[in-house]
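The first residue in the sequence is number 1, and the count goes up from there.
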Amino acid sequence: VIPEHAELHLLLSMVTPLGWLERVPTYKEALENVTDKDLHNYGFLGYPVLQCADIVIYSKEGAPLFVPVGEDQVSHVETSREIVRRFNAFYGLEVDVDALIDMPNKEFEQLMNQIPNLASAHGWKDVLADKLSNPQVKDRVRQNLNLIIRHEVAASGFQNFIQKCPGFVPYVRQTDKLNQPDVMLTQTPRIPGLDGRKMSKSYGNTITLSESDADIRAKTKVMVTDPARKRRTDPGNPDVCPVYDWHKLFSAEEPGRLDWVRQGCTTAGIGCIECKAAMAENLIKWIAPVRERRVQYENNPKRVLEMLDDGSHRARKVAQGTMERVREAVFGWDKKRKEIGGAAAKA
Ligand code: SF4
């Protein structure tokens, strides 16, 4: 058990706009397709935030972070990147607000005008008015200016902001408190389910690792194929057929099998039934040793627990390191302690 995941999830959820989560394609798709569960709760909506926490909690400061995923998860990783960018903009950005406030008004106005569309941004004119006419409200100016710049950086990302507004270079600096994750796709980045939709346990269109040979043959026999191939004599198109996607994954090592499928399908030389049967045999060959190992573990739950404990122990150390960085970025306790007197304050 690694409670740090829950803590990071909570902190990330504070900077994640609801609209981002509501627009996640898999969220909308599941709301439409899953009818036997009530998915209208934060746990489901906020799942991408938890996923982001799960990913970025295992990272080293400054080191690249790759996630091996399928194509359908790319948008989730992109959401994680956005969340991390926003987090860094809120907690990793240093703005020299005092230097901006002390700047001559004319120069200040020119600099702020580098920000596109800022003229219409809420609060900007108030900041300028306060700065021009009311030097006593320095705190309010400081606070509003800070917010405006932080929101701009959060919206476009630090690098984009600096490119658009180079005049800010001496006044803003960002350290990435969390690393933006990137995807690492395999050669078969998309494997559809048996019915051609996204593969998901909730859709009941999967083959599980414990499935028997007979079940694998029965389930793959009714797999969806190229919908345009209605009769055995119609040529088909493997590139739109889920069975061919599975062939690419499980039959690539069998010499000539992929060519046999492509040639036979496009010339109506083979039927879908034999094509599926050939794929099922290769899938069974691939799954058999995995299934065997699974049974060994099933018969030795103590060993499984040991492995889980050992993994959790190692993972937790990394997670704790990340959370120290994150907590300092959000709450700044160490910084505060140093400001008010180090050891004395700790005591
Ligand atoms: S022959 Fe194979 S690849 Fe072609 S449509 Fe049928 S199942 Fe799909």
- Look only at the side chain of Ser212 and the backbone of Asp215, and say whether a donor-acceptor pair between them is shorter than 3.5 Å. yes
- Partners of Glu306 by side-chain hydrogen bond (donor to acceptor under 3.5 Å, both in side chains), sequence neighbours excluded? Arg303
- Query: Could you walk me through whether Trp246 and Asn282 pass the side chain to side chain contact (heavy atoms under 4.5 Å, CB included) check?
  - Reply: CA-CA 10 Å; Trp246 287 40; Asn282 282 331; over 6 Å; no
- Are any non-hydrogen side-chain atoms of Asp54 and Cys52 less than 4.5 angstrom apart? no
- Using atom types as modelled and distance alone, determine if a side-chain donor or acceptor of Ser251 lies under 3.5 Å from a backbone N or O of Lys248. no
- Task: List the steps, then state whether salt bridge (charged side-chain N to carboxylate O under 4.0 Å, His left out) holds for Glu339 with Lys336.
- Result: CA-CA 5 Å; Glu339 270 171 30; Lys336 199 48 147 181; 3.1 Å; yes
- Do NZ/NE/NH1/NH2 and the carboxylate oxygens of Glu7 and Arg327 come within less than 4.0 Å? yes
- Are Val49 and Tyr47 linked, directly or through other ILVMFWY residues, by side chains that come within less than 4.5 angstrom of each other? no
- Message: Whether the side chain of Asn205 engages the backbone of Asp195 through a donor-acceptor N/O pair (distance < 3.5 Å, no angle test) should be reported.
- Response: no
- Query: What pairs with Thr266 under side-chain hydrogen bond (donor to acceptor under 3.5 Å, both in side chains), at least two apart in sequence or on another chain?
  - Reply: none
- Query: Is there a donor-acceptor pair under 3.5 Å between the side chain of Arg173 and the backbone N or O of Glu94?
  - Reply: no
- Non-neighbouring partners of Tyr42 that pass ring-ring contact (aromatic ring centres under 6.0 Å, His included), sequence neighbours left out: His9
- Phe90 and His151: aromatic ring centres closer than 6.0 Å? yes
- Item | Basic-acidic side-chain contact under 4.0 Å: Asp310, Arg314 | yes
- Item | Ionic contact status for Arg217 with Glu281, cut-off 4.0 Å | yes
- Taking Asn179 for its side chain and Glu61 for its backbone only, find out whether a donor-acceptor pair lies under 3.5 Å. no
- Message: I'd like to know if Glu29 and Arg23 make a salt bridge, using a cut-off of under 4.0 Å between side-chain N and carboxylate O.
- Response: no
- Note on the structure: Across all chains, not counting sequence neighbours, the side-chain hydrogen bond (donor to acceptor under 3.5 Å, both in side chains) partners of Gln174 are Asp176
- Query: Between Leu194 and Val222, does a side chain to side chain contact (heavy atoms under 4.5 Å, CB included) hold up when you go through it step by step?
  - Reply: CA-CA 8 Å; Leu194 294 161; Val222 292; over 6 Å; no
- Side-chain contact, heavy-atom cut-off 4.5 Å: Gln114 with Pro166? yes
- Message: Closer than 3.5 angstrom, by distance alone: can the side chain of Lys335 be matched with the main-chain N or O of Glu328 as a donor-acceptor pair?
- Response: no
- Item | Verify same cluster id: Phe87, Val95 (apolar side-chain graph, 4.5 Å) | no
- For Glu78 and Ser75, does a side-chain donor sit closer than 3.5 Å to a side-chain acceptor? no
- Would you call Met112 and Leu145 a side-chain contact if the rule is heavy atoms closer than 4.5 Å? yes
- Task: Answer yes or no: is there a side-chain heavy-atom contact under 4.5 Å between Tyr91 and Val326?
- Result: no
- Task: Could you tell me the separation between the CD atom of Glu71 and the OG1 atom of Thr188, rounded to the nearest 0.5 Å?
- Result: 10.0 Å
- Query: If we only count heavy atoms from C-beta on, is the Ile191 to Leu249 side-chain gap below 4.5 Å?
  - Reply: yes
- Message: Atom NZ of residue position Lys164 - does it have more than 12 heavy atoms of other residues, nucleotides or ligands inside 6.0 Å?
- Response: yes
- Query: Do Lys219 and Glu211 sit within salt-bridge range, that is, some charged N less than 4.0 Å from a carboxylate O?
  - Reply: yes
- Salt-bridge present (Glu298, Arg294; N to O < 4.0 Å): yes
- Item | Check: Gln110 and Asn113 side chains under 4.5 Å, non-hydrogen atoms | no
- Task: May I ask you to decide if Lys177's main-chain N or O and Arg325's side chain share a donor-acceptor pair within less than 3.5 Å?
- Result: yes
- Message: By the side-chain hydrogen bond (donor to acceptor under 3.5 Å, both in side chains) test, which pairs, at least two apart or in different chains, include something from residues 221-244?
- Response: Asp239-Arg262
- Chi angles and distances behind the side chain to side chain contact (heavy atoms under 4.5 Å, CB included) call for Cys275, His247: CA-CA 9 Å; Cys275 181; His247 263 301; 3.5 Å; yes
- Message: Side chains of Gln73 and Gln51: any donor to acceptor distance under 3.5 Å?
- Response: yes
- Please identify each residue that fulfils ring-ring contact (aromatic ring centres under 6.0 Å, His included) with Tyr58, with sequence neighbours left out. His5
- May I have the step-by-step check of side chain to side chain contact (heavy atoms under 4.5 Å, CB included) for Leu209 and Arg291, ending in yes or no? CA-CA 6 Å; Leu209 292 176; Arg291 204 169 42 195; over 6 Å; no
- Query: Taking Glu274 for the side chain and Gly271 for the main chain, is one N or O donor matched with an acceptor at less than 3.5 Å?
  - Reply: yes
- Message: Counting C-beta onward and ignoring hydrogens, is there a side-chain heavy-atom pair between Ile149 and Phe168 closer than 4.5 Å?
- Response: yes
- Message: Test your reading of the model: is there a side-chain donor-acceptor pair from Ser200 to the backbone of Ser202, 3.5 Å cut-off?
- Response: yes
- Message: I'd like to know if the side chain of Trp20 and the backbone of Ile83 have a donor-acceptor N/O pair within less than 3.5 Å.
- Response: no
- Donor-acceptor pair between Asn146 and Arg150 side chains, under 3.5 angstrom: yes
